[in-house]
Amino acid sequence: MSSTVPCAAPAFSDQRRSRSHQWLLLLELCCETKELSQLHSTLVKLSLIRNPHFSARLSLSLSTIDLSYARQLFDQNPDPNAFAYNILIKAYSKTHRPIEALTLFSHMLDEDSPKPNKMTFPFVLKSCSVETGRQVHAALFKYGLETDVYVNNALISMYMKAGSCFRNAMKVFDRMPQRDVVTWNTVIAGLASLGLVKEARDMFDAMPERNVASWNCLIDGYFKQGLIELARELFDRAPVKDVITWNTMVNGYASLDRMEEGRDLFDRMPMGLKDLTSFNLVIDGYSRNEGFEKVLEIFHEMRGLEICPDRFTLVSVLSACSNLSALEQGKWVHLYVKRLNIKLDAVLTTALIDMYAKCGNMERALDVFVHTEKKDISVWNSVISNLGLHGYGKEALEFFFQLLETDVCPDEITFLSILTACRHSGLVEEGRMYFDLMSRKYDITPKAKHYGCMVDILCRAGLLDEAKALIEAHSGEEFSVATWGALLDAASRLGNVEMGEYAAKPLLELDPKDTRCYVALSNLYSRGKEWDESAEVRKQMRRRGMEKLPGCSSIEVNGVVHEFQVGSAFNTLDEIV
DNA sequence: TTAGGGTTAG
C-alpha cells in the first residue's frame, strides 16, 4: 500500500506543515485579546478551529490574557480533551477563584470525561484546601500517579502550606521512589516557613544536589525567623547568587526594619541584575519606615535606569508625596498614570486622592473622586477623612450622606473619618449621633480609636466628665497616648488638676518619655499656683535627661522638599531663596 | 521549588 502514496505527497504535506507552524507561531505571539479574537475568527472561517492543535494553542494563549474568553471557548467545545481541561485548571489555580479549577476537575472524574493526568494534579492541588487535598491525594491512586515526582512535589507543597499537616508532607517525601531538587527545596521552604529552621537546615545539608533556589529558600527561612546572622552567613557562602538571592536579602532586612543593611545590599547589587522587584522592595521598606525622602530618591534612580514602575511602586510613591506634601512629584505620577493608560483601581485612586488632599489641593482631590466610576469604600473614606482633616466637617458629612445613598457600605474607617471630621469642626452633637449609629445600625463595634476620637470631641467641648465616663465604661479598651493626651490637654486648658492627674498616670505608663505629658502637667500645676508640684515635674524631666522637642514641618519648592523646625524659619527661608 | 506587594484612620 505504501508504494501507492503519490510522490508529491511529502512536498504537499511539508507545505501544509509549514503553514500550520505559522498559524501556531502567530497564536503564540499574540498578546492582546483583540488580536487573538481576530485570529479566532479566521480560524473559524477556515474551519481550522476543529483542529485540536489550533484550538488548544488558542486556549493556551487566551488563558493568560483573557480567562473569561478562554472559558467561553472551552464551553463551546463539545468534546474537550484533558489538555483543554488542564489549560483552564492551571489558569484558574493562579486566580483568586481557585474553586473554578476544582469544579472543572470534578467534571473530569465523570465516567465519560477525559481522565485527569499528571499535568492536571499539580494545579488541582495548588487550588485545594487541605481537606479537599486529602481527597485528591486519595484519587491519585486510581489513576496510578502516586509515584510521579511532579505530583508528589505538589502534594508536599499543599501539606506544608496547611502548617499542621507537615508530617503528612514528610510522609509523602519519605515514600517517594524518586526525588528531584524541587522536592528537597519544597521541603526546605515548607519547614523554614513553619519556623522549623533546624530541620530545614538538616535537609539542606543532607540534600544530594543543590541549586540556587535551595540557598534562597533557606536564606528566606532564616529571615522569616529573624535569624539575620545565619541568613547573612548563607548569603556570603552561596556559590551562585541570582536576582532572587539578592532580593530575598533586601526583603529580609527591609521586613525586619533594618533599612541601612537592606539599602547597602541594594546598592551593591550587580548592575543589570536590579529589577522592578528590587526597587519595589526597597521603596516599600522605606515607606513602612517613614523614609519618604528616600522613597522619592530611589524612585528617581529607577526612572534614570528606565525601569518602569508598576502600580505598587506608584502607590508607595504617592503615599510618600502625601507625607512630604510633594505636590509636583505627585502630579508627575498622575500624569504618568494617564500617559501609560494605567487602570486606576481602588487603591491607586485612593492614594491619588489622598496625595492631592494632603498636598493641600482639595479641588483636584475631588476632581479625581468625581471622575471615578466605581467608587470603592476606601475612595469614599479618603475624601471624607481629608475633608474632615481640612476642617470641612459639614462637607464631610454631606459626602457621608451621599455614600449612604449608594450600595457601598460604610466601614469602621468611614466612621473614624466622620468622627475625625466632627472633632475638627467641633460638631459634638453629630459626633455623639454617629458614634451611636455605627454600632446600632451598621453593626460595627467601636474600637479604641473610635472611643479615642469621641473622647477628644468631648474634651474639646470641655465635657471632661462625660469623656471620663466614656473611658471608664470601656475600661477593657487599650486607649492610646493620643486619647489620654487629649484628656490631659483639655484638663490643662481648663485648669482641672484632678482630671490632669487622672490622665497623666496612664499616659506616663504608656510612654514614660513623652515630654508633652510633663510639660502639660507642669503648666497645669503652675496655673493652679501649685508651684512645688510644678517644679517637681520639671525636675523629674531634667533628671531623665529630657528636653521639649521642637515641632517641625516641611514644604516643597521647585520639586525639592525642605524640612524646618520651629525657631529655624530664617535659615530655611535663606536656603529656599 | 525560591523574593515582593499597595490606599483611606494624625
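Order of the sequence lines fixes the chain letters, A, B, ..., with proteins taken first and strands second; residue numbering starts at 1 for each chain.
- Contact annotation: side chain of A:D345 to base of B:dG6, donor-acceptor pair present below 3.5 Å.
- As judged by a 4.0 angstrom heavy-atom cut-off over every strand, A:T350 is placed among the base-contacting residues.
- At B:dA9, one or more side-chain N or O atoms of A:K358 fall inside 4.0 Å of OP1 or OP2 (strictly under the cut-off).
- In this structure, CG of A:D310 is placed 13 Å from P of B:dT7, rounded to the nearest angstrom.
- Residue A:N251 places at least one side-chain N or O under 4.0 Å from the OP1 or OP2 atom of B:dG4.
- Nearest nucleotide to the A:S385 side chain, out of B:dA9, B:dG6, B:dT7: B:dA9.
- The CZ-P distance, from A:R423 to B:dA9, rounds to 12 Å in whole Å.
- For A:C217, the listed nucleotide lying nearest its side chain is B:dT2; candidates were B:dT2, B:dG4, B:dG6.
- When each of A:E260, A:E261, A:R258, A:R232 is paired with A:Y253, the side chain to side chain donor-acceptor pair (under 3.5 Å) condition holds for A:R232 and for no other.
- You'll find the ring centres of A:F299 and A:F279 outside the 6.0 Å limit.
- Look at CE on A:M158: it is 16 Å from C1' on B:dT1, rounded to the nearest Å.
- Annotation: A:K90, atom NZ; neighbour count of heavy atoms from other residues, nucleotides and ligands within 6.0 Å does not exceed 12.
- Listed candidates were B:dT7, B:dT8, B:dA3. Nearest to the side chain of A:V347 is B:dT7.
- Between A:W380 and A:F400, the ring centre distance reaches or exceeds 6.0 Å.
- Residue A:S378 has its side chain nearest to B:dT7 when only B:dG10, B:dT7, B:dT2 are considered.
- Legend: residues meeting side chain to side chain donor-acceptor pair (under 3.5 Å) with A:R440, ordered by chain and number and at least two apart, are A:D436.
- Residue-to-nucleotide contacts include no donor-acceptor pair under 3.5 Å from the side chain of A:S382 to the base of B:dT8.
- Nucleic acid contact for A:K447: none, since no nucleic acid atom lies under 4.0 Å from a heavy atom of the residue.
- Rounded to an integer number of Å, the gap from A:M269 CE to B:dG4 P is 14 Å.
- Of the side-chain N and O atoms in A:S417, none sit less than 4.0 angstrom from OP1 or OP2 of B:dT8.
- For A:A213, the side-chain atoms get nearest to B:dT2 when compared with the rest of B:dT2, B:dA3, B:dG5.
- One finds a side-chain N or O of A:T420 lying less than 4.0 angstrom from the OP1 or OP2 phosphate oxygen of B:dG10.
- B:dT1 atom C1' lies 12 Å from atom CG of A:D220, rounded to whole Å.
- No N or O donor and acceptor, one from the side chain of A:N280 and one from the base of B:dG6, sit under 3.5 Å apart.
- Taking the six-membered ring where the residue is Trp, the centroids of A:W184 and A:F173 are separated by under 6.0 Å.
- Between A:K375 and B:dT7, a side-chain N or O to OP1/OP2 separation shorter than 4.0 Å is absent.
- One interatomic measurement links the two molecules: CG of A:L419 to P of B:dG10, which rounds to 9 Å at whole-angstrom precision.
- Nucleic acid contact for A:L389: sugar-phosphate only, since backbone atoms but no base atoms lie under 4.0 Å from a heavy atom of the residue.
- One interatomic measurement links the two molecules: CG of A:D376 to P of B:dT8, which rounds to 13 Å at whole-angstrom precision.
- Summarising the geometry, the separation between CG on A:L281 and C1' on B:dT2 is reported as 13 Å, rounded to the nearest angstrom.
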